[in-house]
J.: 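Below you'll find the structure I mean.
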Amino acid sequence: MSGDEIASDAPGPAGAKPGPALDELACTIEALLFLAPDPLTPQELADAAAVEQDRVSDALLLLAQRHAPGASGIHLRELAGGYTFATGPESEDAAKRLFSRPRAATLTPAQAETLAIVAYLQPVSRPEITRIRGVSADSAASTLLERGLIEESGRSQFGAVMYRTTSQFLKLFGLNAIDELPDVAQWDPTPEEEAQLRERLLRAGEARAGGGPAPASE
Amino acid sequence: MSGDEIASDAPGPAGAKPGPALDELACTIEALLFLAPDPLTPQELADAAAVEQDRVSDALLLLAQRHAPGASGIHLRELAGGYTFATGPESEDAAKRLFSRPRAATLTPAQAETLAIVAYLQPVSRPEITRIRGVSADSAASTLLERGLIEESGRSQFGAVMYRTTSQFLKLFGLNAIDELPDVAQWDPTPEEEAQLRERLLRAGEARAGGGPAPASE
Amino acid sequence: MTLPALDLDLDVFSGPFDLLLALVLREEIDLLELELADVVLAYLDHLEGRGELDLETATEFIVLIAALLELKSRLMLADDEQELLDLDPGEAAEELLERMLQARRFRSASTHLQQLFAREAGVRFRSAPPAAHLRKAIPAPADGSESPAVLGAAIGRLLRMPPVISLRHISTQRVTVAERLSHLRTLLRRGRFSFEEAVHGEDRMTVAVTVFALLELYKRGEAWWQQDESFGEIAVHAVASGRVGASIGASAG
């Protein structure tokens, strides 16, 4: 993908929609969203603009149209429990050239697994993560901490540091709240699959108890 | 999913001008100006968008109308030979109210722990703090330094930077002198232990960090 | 091929199998960091590459990997291990099944997270700080707004010792290569002994470590061994000085 594409078929402004005009309050809210480093809730916006919250909702509707993909390069997003501006994939190539770095590193499987455990079980301790994964999660957890996707949240009764996900995590994963993640039980096997698995394990256990050589199955 | 852009058919306010529609290039330039912390020259914009500079000038004209005072809360400014977005005086009161709202969660758990270690053991080195906590205290210590609650106080015999609390710290906690810190005895799980506080903290930290062979105990 | 020559390229280790074993047994590599399944896969790849199955090395491999698995599961189960050992096969299967399902659940969840992350590719946020005159509006917290009790309580939590883990079972199991080496060398003074003698009545972990010690002796040119038929007796011979080589090449392959 390159700028050529942009150059070759630039549609005249004639075709695009300008979106609605903004009233004074919408302009103020637009300014606040531009200035704030983190998403702002309607309540925070109402307090700052010194108006009622339902007037903020109206202004946000106007801004949503003005800042829709196609109408603007700056999009209004509802993320991490509030509203924020972000740019979209259509300007990513230009942004990459300007800042000469990709947006963010990808996640390794170990990091994604550790993040999933923290996201669903938070607060959860490092030893617990290790127990679930079967392999140590230390380096993955350190990287997630560095990247601001998880953070400490106190200690367990045994003194181990506990972790939770951050609002940065919600922002980067396009979520408004942690409960938007689907129920983890949806990935469980069907009862038939589970029964089969149980039976196989049972047979292996009996073979072992019967004194045969240990089957090397993990 | 609520991460998506929000849209509605709310009609714009009667009097205001919506400004022109933006073409694809203008959207891209708008995105770049939004992301960049400093002004961008037309040449930088042209290079990033991979187009000729005169096309950038056209796009900037569109953006100047769209982002004119009265039409938007985000204004296009020409500064130091480049272009940048900024908010105007009409949203300054709201912005000041936004930033002056009291911030929640003054100290994170990691910061409180790090600050407590420095307060009770000062001077204390960063590696010592890490040994006691069992996990790195780097980002917590940096934040405490930034907030002026701790400061450097020379180096240990091994060359590690040592920290102590500041007068700012005393003020925040309403103390006249550091010896007014509460006696730890009331929170001490094993008050019968005779050893020095520092030694006991280091021992407990090392035990947590894996005195055992395993991630057991959770 | 000899098993020690099996070359591995894993997340936490890259090099020959015997070095990996040595590092694990000396606790220089954390067994919990090691994906044993990857070791097995590497071995299967290796077998496939050779196109034939060498029963002897395959047996050796299974014994060693089983020992590693057992050691690893002990590490992972640690404090409730005693109870688990008392479980009947049915209960053990249930316990194992529960763990497998849990691991699988979160592996699937991680795939979902990866998809969410990919869907957001190309989304960027503004990171510029607000203008200086606006930042000045950020108020410092009021004097005395934090309670010193927060600090005392934090120290109290840090003073708590973690519960003591029972090492009783593991320490009785712990056996080092050095110990087994010295045991084998004692036996070698007779010139020859059978492997069965060396490990008679020992648990599987000790047997595995003894195999490793034997490999070590072979590597150092102190011993060679001979097995006339699969699963038959393994005779271990001391290498008389001056005749390192010939017979080893013939019998230890």
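In what follows, chains are A, B, ... by sequence order, proteins preceding strands, each numbered from 1.
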J.: Any non-hydrogen side-chain atom of B:Phe99 less than 4.5 Å from a side-chain atom of A:Leu32?
T.: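 Result no, sub-4.5 Å side-chain heavy-atom pair not found.
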J.: How far apart are the closest heavy atoms of B:Ala71 and A:Arg66, and which atoms are they?
T.: O-NH2, 3.1 Å
J.: Kindly compute the distance separating OG (A:Ser91) from CG (B:Leu35), expressed to the nearest 0.5 Å.
T.: 6.5 Å
J.: Over all heavy atoms of both residues, which pair between A:Gly159 and B:Arg208 is shortest? Give the atoms and the distance, please.
T.: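 Looking at all heavy atoms of both residues, the shortest contact is O-CD, 3.0 Å.
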J.: Looking at B:Glu194, I want to see if its CD is surrounded by more than 12 non-hydrogen atoms of other residues, nucleotides or ligands under 6.0 Å.
T.: no
J.: Quick one: what part of B:Ala140 sits under 4.5 Å from any heavy atom of chain A, side chain, backbone, both or neither?
T.: neither
J.: Applying salt bridge (Lys or Arg N to Asp or Glu O under 4.0 Å), can you list everything that pairs with B:Glu151, at least two apart in sequence or on another chain?
T.: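 With sequence neighbours excluded, B:Glu151 shows a salt bridge (Lys or Arg N to Asp or Glu O under 4.0 Å) to B:Arg164, given in chain and number order.
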J.: Go through the atoms of B:Leu33 and report whether side chain, backbone, both or neither lie under 4.5 Å from a heavy atom of chain A.
T.: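 Neither part, no heavy atoms under 4.5 Å.
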J.: Can you give me the closest heavy-atom contact between A:Thr87 and B:Ala31, atom names plus distance?
T.: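 Heavy atoms only, the tightest pair is CG2-CB, 3.7 Å.
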J.: Scan residues 29-49 of chain A for pairs that pass salt bridge (Lys or Arg N to Asp or Glu O under 4.0 Å), counting only residues two or more places apart or in two chains.
T.: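 Every pair satisfying salt bridge (Lys or Arg N to Asp or Glu O under 4.0 Å) with a residue in residues 29-49 of chain A: A:Glu44-B:Arg101.
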J.: Heavy-atom distance under 4.5 Å to chain A: side chain of B:Glu113, backbone, both or neither?
T.: side chain
J.: Are there residues of residues 128-137 of chain B that reach to under 4.5 Å of chain A by heavy atoms, and which ones?
T.: B:Arg133, B:Val135, B:Ser136
J.: Is A:Ser72 in contact with chain B via its backbone, its side chain, both, or neither, using a 4.5 Å heavy-atom distance?
T.: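 Answer is both: backbone and side chain atoms of A:Ser72 are under 4.5 Å from chain B.
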J.: For the residue pair A:Phe34 and B:Phe34, categorise the inter-ring angle as parallel (less than 30°), tilted (30 to 60°) or perpendicular (more than 60°).
T.: tilted
J.: Can you confirm whether more than 12 heavy atoms, excluding those of A:Glu52, are under 6.0 Å from its CD atom?
T.: no
J.: Kindly check if the number of other-residue, nucleotide or ligand heavy atoms within 6.0 Å of CD (A:Gln122) is above 12?
T.: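 Enclosed: over 12 neighbouring heavy atoms sit under 6.0 Å from CD of A:Gln122.
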J.: Tell me the closest heavy-atom pair linking A:Cys27 and B:Gly70, and the distance in Å.
T.: SG-O, 4.0 Å
J.: List the steps and the verdict of side-chain contact (heavy atoms from CB on, under 4.5 Å) for B:Thr28 and A:Asp93.
T.: CA-CA 9 Å; B:Thr28 301; A:Asp93 286 325; over 6 Å; no
J.: Can you find a heavy atom in the side chain of A:Glu90 that is under 4.5 Å from one in the side chain of B:Glu24?
T.: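 The answer is no, as the side chains (C-beta and beyond) never meet within the 4.5 Å cut-off.
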J.: Less than 4.5 Å apart, side chain to side chain, heavy atoms only: is that true for B:Leu45 and A:Leu98?
T.: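 Heavy-atom side-chain distance check fails, nothing below 4.5 Å.
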J.: Is A:Leu145 in contact with chain B via its backbone, its side chain, both, or neither, using a 4.5 Å heavy-atom distance?
T.: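 For A:Leu145, there is no contact with chain B at all, as no heavy atom is under 4.5 Å.
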J.: Count the heavy-atom pairs under 4.5 Å between each of B:Gly88, B:Gly73, B:Ser139 and chain A, then report the option with the highest count.
T.: B:Gly73
J.: Can you list the residues that meet the salt bridge (Lys or Arg N to Asp or Glu O under 4.0 Å) rule with B:Glu199, with sequence neighbours excluded?
T.: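 B:Glu199: salt bridge (Lys or Arg N to Asp or Glu O under 4.0 Å) contacts with B:Arg203.
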J.: Taking all heavy atoms of A:Ala94 and all of B:Ala49, pick out the closest pair and write down the distance.
T.: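 For A:Ala94 and B:Ala49, the tightest heavy-atom pair comes out as CB-CA, 4.2 Å.
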J.: Sort A:Ala86 into side chain, backbone, both or neither according to what part of it lies under 4.5 angstrom from a heavy atom of chain B.
T.: backbone
